[in-house]
Each structure stands twice: as structure tokens, then as C-alpha cells.
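Notes for the one structure printed next.
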Amino acid sequence: MSSLKERLIEVLVSNRLLTPEQLEDALRIQQRQGGSLQKILIDHRFVDEQHLLAAVSQGLGVPPISLGRLKIDPALKTKVPREVAKQHQIVPIACMGNTLTIAMADPLNIFALDTLTTMTGLTINPLLASAQDIQETIDLYYGTGIEETLQEIAKGSGGAVEVLRAEAPQEETDVNRLMQLTQEAPVVRMTDALLAKSVSLHASDLLIEPMERAVRIRYRVDGVLQEGEAPPRQMQQAVVSRIKIMAELNIAEHRLPQDGHFAFRAEGRMIDVRVSVLPTNFGEKIVLRVLDKGQIHLNIDDLGFSPEDLKTIKRCAERPHGMILSTGPTGSGKTTTMYALLKAIDSPEKNIVTVEDPVEFQLEGINQVNARAEIGLTFAKALRAILRQDPDVIMVGEIRDAETADMAVKSALTGHLVLSTLHTNSAAGSIVRLVNMGIEPFLLNSCLMAAIGQRLVRKICPQCKETYRPPKGLAQKAGLLGPDGQSPSLARGTGCSSCLQSGYRGRDVIAEVIALTPDIRSLILRRAQEREVEEAARKAGMRTLREHGLLKATAHVTTLDEVFRTTIGEVVEG
């Protein structure tokens, strides 16, 4: 063991990757805390992980391997159980004859090698991989452990959990029994496992849907739903009741929709959850919106807007009064854009107030009001109260009706900067929608500065990205054929452990931004249709959603499939 460590140290120092002082500090930390020398060097940023891997490979003669695109035989899991792989940070790669080839993050771990030799009776051939590669491959290859928990609970539940009717309990004893079930270990573990998996997948939503003979579990990851391991049908009502209790909802009410929220801790951080309960034919469907503050980015420069659009948005946001609208369907990132704008313009000199339903994220230094229609606190009523609070900037979570639209426009006309969202399919559609809501065109012309139409597209996973040239027919359909008739270079993900074989990781904004010009204002005054407004905006330099998406596809940020999926129905000219 000591000779291996000495060889590693010799390589690091001789290649000037580590100074003698840093080495002394690292050895002192290892003596005091124990653990792997490599981990200490990386954790304390003495050495970059890639440089360390190269040094270890050179000094110890252990070949490196990249696990991203490797296909592993599932039969190898019987030779190296998940617990052993996770404990020693190893992944079995192949088994030929009496030799088991493994990838490991720490080839100095002689104990791990001895354990494997004793357990398998095979000769161990170690290869070197980064700790991150190892962990991601273990999660993909063996699962995160959550699936095993769900399967174990499902198998063990048998008939132990009482089947409850979807109708409301008629007797007090039924409610008491339901309360008792929600405290039982299988129900608690099942609920915790579902929430934990939502966080591990970076899912924005968790759907628990009762079917006639089963329960369907789905997670929305990067905007796309994917199915997951489900609890047995007889546990469905108990899990729903458990979530209701966490959200402080009425567990005896099964006939009416209910909304609530709760928070829980996962992976060392607090996760906020919004709960929506909807009665269906086969029981109550629950949708949980998982709001992970650790995953949201509120820097307007990093959301994905083009430099030209970003300049327009920032210029409008710096004005003392007027209105900026962000439009798009549910889940298109409108609220995140508004939050990022608020953070960009926030300062001690400004009194910023928001009214939302509900408040999704707490923003430090900003006053946020939660609209509650059930007690009469509507958007319009909250806006009237806010205007008496001398605000400089107001964010209206969503313009849903004519009264709210009227109050928002009047606020923008009386010296306030108003930010809001609207559910329309395009930026031009938001202008027409407000006029149809009863806003007089001359008032809209006086207050509206910019309308943003946006969507979210999935980004190509950087770990498994590959370039290719699409068929000419597809390139022609997208308007991407070059002057020489050649298809452009595009990119796609092949699927790896980092992206859970999807080929995508994370999302980016594509947008169209209309800044009001004299021509557009004259169209508004004569109540022009959406198509006319859009054509005038394009003549003024607006780039459509489809065009912005195609630019991101040719820049290898996203794929053509994503652009077509999110901008369906648009016609690309030229």
C-alpha cells in the first residue's frame, strides 16, 4: 500500500501537479481524518480530477476507461452486488474466463480488490475511472436503490393494506383507519421513496394516477413524462392520504379538488412541493410540482436568450414604467424568466412586490403576496392593495381575466413597471389576447413595451454528444440546406449514464421578442389579427421561436426533433 502511494506522489510532484507544501497538507489531512489520498487531493482542490486520473494511470500502470458509452452485461450484477459496488466505488465491466475486469475510482484500495477476489474467486483486472463516472454508472446500472425499495414494499404489501373506497368515508371509524394507515411503515417508506426519486431524477412533477386495476407513476423530466415503478393498487389511497396529511389537506374529502403544499429535505437541501388533488373515476389523482431551489437558475444572462433579445428585454426592464409580458404554455419557463428579471433589476432603491398563485420561490428582498381566491384575495384585489403600498415594480403571476388585465394596464400607465405572464401560443398572440379581453388598443399602445414568447427545449447531453449530417429532405424541411445544397452539421445524444440513456440533459430557452414599433402600434390601434402583428414584427427584425430553435440546433445545443416538438405548426420561410 505504501509503495503504491509513494509512486503516485512521485508522479504528481515530478509532473508539477502538486507542490511539496500541498502534499504535506494533504498527508496531514489524511492522517487526521483518514480516507483516500486521491479523494482528499480532489476535495481540497489540490489537483484537478482529470490530471489526477492521468497521473494515477501513468504512475501505477492502470489503464483509464470512460464509462459514458459502455454497455454492461446485466449478468455481471450477480457477481458484484450493488452494496459492494457502492461501498468500494467499483463497476464490473466484463468477465472472461477466470478474470473479472472492473472500473474503480481508487486503485490504491487493496481492501476492495481483496474483497472482490475472495467473494468471486476470480482474478481481478482493475481499470481506472473518475468517481463521478463510477457513481453515475452505479445509479444507472444498479438503480438508485429507490426502485428496489418500491419493489420490496410492493411484494411485502400482499393484502396487508386495506382496500379503501374512492368515495368519502361515511363513518368516523373509516377516517380513523385511514389516519392509522398513513402512519404505517410501508406507506411512509413508499411515499418517501417516490419523493426521493423525483429529486434524484430532477423531475419537475410527480404524477400519481389511479387506474381501474393499477396505479401509474410518472415523472416529468426536462419537460417529458416518463413512467416509473408504481405501488400496488391497494396502497394507492393510503399514499394519497399520507400526502394529504403532509400538505394539511382534508383526508376525509374525496369528492372535491384540493390544493396545498409542503416541504421536505432531500440530498441536504429543502424541497418545496405544491400538491393538487383531483377526483377521478377510480380514485384521487395527485400531481406534485417539485420546486427544487438548488436546480433553478435566476440569472437572466444564463437562461438561453439570444444576445439581441436579451438586450431588448434588459432595455425595457430598466425603464421606470410600462409593461413586459412573458407568454407561452404551462411549463415553458415564463415564471422563471420573470423571477430572473426581478433579480436583475432588484436594488435597495426599489420597492418590488409580486402577487402570485401560488408563490413558487421565495426571492430575498422582494415582497411576495400569495393570491387566495377562496377567501376573496384575487389578483385584481391584491393589485389594488399593492398600489397603496407605493411600489416601483409589480409582478403579476398571471393575467387570467379582464379585471386583472385592466388593473395591470392601469398600474403600468400610472408610473409602475409591471411584469406579467399570459397563456398564449406566441408573442403576437398576447397582444391580440389583451385587446380581446377588453383592453382599449390606445391604452395598450401606451403601456406595453415588449412581449416575449418562449418555450423550453432539452439540451443535448455533453457526455454522449455526437455530430452528424441529417438527410437532405429533413434539412430542406427545416430550411437548413446550404447554398451548395449540403446538409449542415448537427448534433444528438447517443445515451449514457449521465443522461439516463435519454441523450438529453437540462433545458434551454428558445424565444421570440416583440418590441413595439410604430408599425406594430398602428396595427394594434386598428385591432389587427395575430398574423399581421407577427409579420410586422418579423420585418422589424424579430426571430421566431422556430428560427431561434434552428439556430440552437446548428450550434449543437439541441436537436431538430426538439425544435419540431416544441414549435409545431410554425411555418419556416426561406
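Position 1 is the first residue of the sequence; numbering continues from there.
Between the side chains of Ser426 and Glu534, no donor-acceptor pair of N or O atoms lies under 3.5 Å. Under 3.5 Å, the side chains of Glu398 and Ser420 contain no donor-acceptor pair of N or O atoms. Residues Glu253 and Gln258 bring no donor and acceptor atom of their side chains to less than 3.5 Å of each other. If you check the side chains of Ser522 and Asp519, you find no donor sitting under 3.5 Å from an acceptor. Side chain to side chain, Arg546 and Thr567 meet the donor-acceptor criterion of an N or O pair below 3.5 Å.
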(request) Begin from the C-alpha positions of Asp401 and Thr404 and carry the test side-chain hydrogen bond (donor to acceptor under 3.5 Å, both in side chains) through to its verdict. (result) CA-CA 6 Å; Asp401 51 52; Thr404 305; 2.8 Å; yes
(message) Go through it in stages, so that I can follow the logic: the residues are Arg538 and Glu547, the test is salt bridge (Lys or Arg N to Asp or Glu O under 4.0 Å), and I'd like the CA-CA distance, side-chain angles, deciding distance and then a yes or no.
(response) CA-CA 11 Å; Arg538 293 195 67 188; Glu547 290 166 341; 2.2 Å; yes
(request) Tell me, with the steps shown, if Lys539 and Glu535 meet salt bridge (Lys or Arg N to Asp or Glu O under 4.0 Å). (result) CA-CA 6 Å; Lys539 287 178 182 177; Glu535 287 174 355; 5.9 Å; no
(message) One pair to check against salt bridge (Lys or Arg N to Asp or Glu O under 4.0 Å): Asp346 and Lys350. What are the steps and the verdict?
(response) CA-CA 7 Å; Asp346 184 25; Lys350 292 180 179 177; over 6 Å; no
(request) Give the C-alpha distance, both sets of side-chain angles, the deciding distance and a yes or no for salt bridge (Lys or Arg N to Asp or Glu O under 4.0 Å) between Arg255 and Glu284. (result) CA-CA 9 Å; Arg255 300 163 298 175; Glu284 291 173 291; over 6 Å; no
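Cation-pi geometry between Lys244 and Phe262 is not met at under 6.0 angstrom from the ring centre and within 45 degrees of the axis. A cation-pi arrangement is absent between Arg400 and Phe379, since the terminal nitrogen or guanidinium carbon is not both under 6.0 Å from the aromatic centre and inside a 45° cone about the axis.
Remark: Arg458 CZ to Ile460 CD1 distance equals 11.0 Å, nearest 0.5 Å. In this structure, CD1 in Ile286 is found 8.5 Å from OG in Ser276, a value given to the nearest 0.5 Å. Going from atom CG of Leu490 over to atom CD of Glu466 covers 11.5 Å, rounded to the nearest 0.5 Å. Interatomic distance, Gln454 CD to Asp309 CG, rounded to the nearest 0.5 Å: 11.0 Å. From Ile431, atom CD1 reaches atom CD1 of Ile520 across 6.5 Å, with rounding to the nearest 0.5 Å.
Distance alone, capped at 3.5 Å, is enough to place a donor-acceptor pair between the Arg469 side chain and the Ser487 backbone. Side-chain atoms of His261 do not come within 3.5 Å of backbone N or O of Val273 as any donor-acceptor pair. Side-chain N or O atoms of Thr467 include none that pairs as donor or acceptor with a backbone N or O of Ala491 at under 3.5 Å. In this structure a side-chain-to-backbone donor-acceptor pair under 3.5 Å is missing from Asp205 to Arg220. Between the side chain of Lys552 and the main chain of Gly304, a donor-acceptor pair closer than 3.5 Å is present. A donor-acceptor distance shorter than 3.5 angstrom exists from the side chain of Gln368 to the backbone of Leu363, with no hydrogens or angles considered. One N or O on the side chain of His416 and one on the backbone of Ser411 form a donor-acceptor pair closer than 3.5 Å. Of the possible polar contacts, none joining the Lys477 side chain to the Lys472 backbone as a donor-acceptor pair under 3.5 Å is found. One N or O on the side chain of His556 and one on the backbone of Ser489 form a donor-acceptor pair closer than 3.5 Å. Within the 3.5 Å criterion, the main-chain N or O of Gly453 finds no donor-acceptor partner in the side chain of Glu512.
Looking at Thr327 and His423, their side chains never come closer than 4.5 Å, going by heavy atoms from C-beta outward. Taking the side chain as every heavy atom from C-beta outward, Val563 and Ile510 never approach each other to under 4.5 Å. Side-chain contact between Val355 and Val353 is absent, with no heavy-atom pair separated by less than 4.5 Å. A heavy-atom distance below 4.5 Å is not found between the side chains of Asn367 and Ile352. Side-chain contact between Thr191 and Ile243: present, with at least one pair of heavy atoms (C-beta onward) separated by less than 4.5 Å. Here the side chains of Asn445 and Leu525 are in contact, with some heavy-atom distance below 4.5 Å. A 4.5 Å side-chain heavy-atom check between Leu417 and Met449 finds at least one atom pair inside the cut-off. Contact of the Val396 side chain with the Thr421 side chain is not registered, since no non-hydrogen atoms from C-beta on lie closer than 4.5 Å.
With respect to the salt-bridge test (charged N to carboxylate O, under 4.0 angstrom), the residues Lys314 and Asp301 qualify. Using a 4.0 Å cut-off between a side-chain N of Lys or Arg and a carboxylate O of Asp or Glu, Glu532 and Arg526 qualify as a salt bridge. Salt-bridge annotation for Glu403 and Lys381: absent, with no side-chain N of the basic residue lying under 4.0 Å from a carboxylate O of the acidic one. Salt bridge absent: Arg455 and Glu562 never bring a charged side-chain N and a carboxylate O closer than 4.0 Å. Salt bridge status for Glu308 with Arg543: present, with a side-chain N to carboxylate O gap under 4.0 Å.
Considering every non-hydrogen atom in both Val369 and Val359, the closest pair reads O-CG2, 3.9 Å. Gln236 and Val215 make their closest contact through CB-CG2, 3.4 Å (heavy atoms, listed as atom of the first residue, atom of the second, distance).
Each of Asp222, Asp561, Thr559 was evaluated against Tyr504; a single residue qualifies, Thr559, per the side chain to side chain donor-acceptor pair (under 3.5 Å) test.
Atom CD of Gln529 has 12 or fewer neighbouring heavy atoms from other residues, nucleotides or ligands inside a 6.0 Å radius. By the neighbour-count criterion of 12 heavy atoms within 6.0 Å, atom CD of Glu248 is sparsely surrounded, having that number or fewer from other residues, nucleotides or ligands. Other residues, nucleotides and ligands contribute over 12 non-hydrogen atoms within 6.0 Å of the CZ atom of Arg216.
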